[in-house]
Amino acid sequence: MGEIIRTHVEGLDNQIEGGIPEGHIILLCGPTGSMKTTLAYSILHNAKDMNSIYISIEQSRMSLTKQMNTFGMTYDPIRTNISLVDTGILRKKLGFLGEKTLTDIVKMFVNRLIEETDAKLLVIDSLESFYTLMNMKNPRNDLFHFFAELKELGLTTILVSEMMEEQEEFGMHGCEDFLSDGIIHLANEKVGRSVVRYLRVVKMRAVDHSSDYFPLIVDDGFKIVVK
Amino acid sequence: MNLDDVQWAYPLMGVIIVEVILGILILVKNPKHRTNQLGAAVQFTVALWILGDVGLKYAADYSTAQAWSTFLWIGAVFIPSTVLHFVALFIRALPQNKMKYLWAIHLVSVLLYPLIILEQLDLGLADAPYEGIWATNSEGLVYSLFAVYLISCVYIGLFILWRGFVKIKNKIERSQVLYLAIGMTVAGIFGPLFSVILPILEYDINVSGGIFPFIMVAFFGYAMLKYKLFDIEHIIEEAKPVTESLRLKPGMSYIIKESGSNNSYEIFRGMVSQTPGLCITSFYPQKLRNEYNLEKTPIVWITETSTDEKKLSPHRLEFEILYTIETFMKDGENTTVMIDDLKYLSMVNGFDKTLEFLKSINDVAAMNNAAIIIPVNPSRFEEREIFQLKSIFDEMIDLGRGESKIPARDDISSYSFIFEEESPVQASEILRSSQSKKLCITSQYPSKLKTRFDLPKMDMYWLTTTRQSEERTLQPNRLEFEITQTIAEFLRKEKGLVFIYGLETLLMESGLPKVNDFLKTIIDIASVSEGSIMASIDPGSLKEREMAVLESRFDIVRRIDTS
């Protein structure tokens, strides 16, 4: 067995035999406001002993670091273990490279970062906005290759995926769920005038886990309530 | 030697190892159970056959080939009878007391073995010693008999399986039977085709017939190992019951109307000194064992708390719970099953589903002469529901108001109490006298509560939506979140006492089912970690049925009349 990436969500690591197995591609999905971005970022932030790459397509680098600061995850551009890439940076590169597709650019970019920093973790936030840049002709086919290329990079990858409130499938094209090695689902539920959150490990290959929804507490860090 | 043969030999060796491991796993899971023994035997016979086959391929001379061949045929000849026996046993094709006649099937195999060995050695091996399973001579008369025997056993087995599949209602058993049937269908179609029919028609096809039985037994192994089921022993209590209780007729199903479940447990205790019993309960088994002197009777705890006890999740009503009860009834004779806390099961699963569940076990009980005891507190159910329950069961016994389930003790550790009083007078007395560490969750302003009732020093949390307060606060709508977490963390750290004052507020925010679930969770955690839960509630603030449901969660209920 390879290494294990701890999620640092209190209670969750015990439920999935210590953490996410190295090299897995994880779909982290949930509706708006279910804390997907914060959770994905906090996994990188807490994995202090390894370098990582965060590709943010919707949010600019500034707004993201500002948001994370409010959760006590201060972004220190010098000492950080996270290489934060936003669309601004990607666009600049896009202009340069003319004919190349976005996946090529991301791959080059990520490959360079892997070489420079020996990164072990990758987050793409979000998968849906990444699709709009990818300009796919045959989504199922293109996605298959996209996942295969991700796998080739050998990183543990977290794909943040937006879901509609009532949506049942994980992923836009109905094939992301079986292409990925694991799915973590964050759900919101309205109780009276407030909203409560739940977390469920839908799937995690090669790991024995419970498939229940666990109440999720967000305080200083994440916590699930295990009975 | 053919090159293909060598390529086949290695995967076949792997297959043998897999089968032996599967056989051992099946056996270890429940060594005393006949079905597991036969299930393992099926794996071993197929492994033996393939082992003989591989050995034969590598045999250097005639005498080694002879030895391997005798080996091969032990496996091959006993596969049909073992598979048929296993399937018939699994599906319970015969009544319990007639199952022993199934052993007769093996007589055919015993008779066939020497004949086929003689024929094979005489005809086949001399000509083609190194050809493995392809060396089997398909011309002999006994071989044809064997082929007929094998095919008919597989098809009889398939018939029994599919017929059983239609009849079985239990979801776990259904999916197990489905896997068995799929495995057998694959083997039943391709096995005879490749190892019997094609050789007879003299087509030379280089596929080991051992592969198909392997696919079959792999399905068998998966079916038997997939569910994390525990085995439940049929044991009769040796010690006589302490109290003389009502005698019920064996093989009948009873609803016992009483306010707690004390009398029902006494009745159950009386029954299990004569028949094997099983108790399914939402209360902490260790307490019940002590209280009712149940030394050996298996008790399954309905809980989601992590524990060493045998436990099942309340959500798995039509799955593991139903399966456990039904198998227990089918595997033993004249058993007694007690199901405590119908209200909890029906709050989790809905009354209709629970009723269906009861119908199902009642049918199985009737067919297997098992008795069922179910305590029901009428004040917790609607009148219509009581009538529906009554219509399913043989008899309803009204015991009226009993005492609370477990008598009060001086030592309060690992007990749960509820005081029904206008203000927490009794509860604060206990808080003052108790030596253990305390945690208080209150809907009243903590320092006020402290001065009013002269409470000792303890950790206090205020249930409020106000965020600006010097006191530590918990949001009342965060029942299964921070509130559960805070209490669970406290209990896991020490054997402390948790006092909850403000169940009314929690009920208003989250409703009865969630509060009931919350109480069940924290009381279960308290039982396991030897802590205690105490609540105080004003009886006037709730409807009678709500009160009755809340009461049912606690070991001790005290109504204090101040008027």
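Below, chain A is the first sequence line, B the second, and so on; all start at residue 1.
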Q) Side chains of B:Leu497 and B:Lys437: does their closest heavy-atom pair fall under 4.5 Å? A) no
Q.
Could you tell me if the side chain of A:Ile183 sits less than 4.5 Å from the side chain of A:Val201, heavy atoms only?
A. no
Report every donor-acceptor pair between chain B and chain A with a separation under 3.5 Å, backbone and side chains included.
residue, atom, partner, partner atom, Å
B:Asn477, ND2, A:Ser194, OG, 2.7
B:Glu480, OE2, A:Tyr198, OH, 2.2

Q.
Quick one, B:Val498 and B:Ile522 - any side-chain contact, counting heavy atoms below 4.5 Å?
A. no
Q) Should the heavy atoms of other residues, nucleotides or ligands under 6.0 Å from CZ of A:Phe144 be counted, would the total exceed 12? A) no
Q: For the residue pair B:Ile321 and B:Ile302, establish whether any side-chain heavy-atom pair is separated by less than 4.5 Å.
A: yes
Q. Does the ring centre of B:Tyr415 sit less than 6.0 Å away from the ring centre of B:Phe554?
A. no
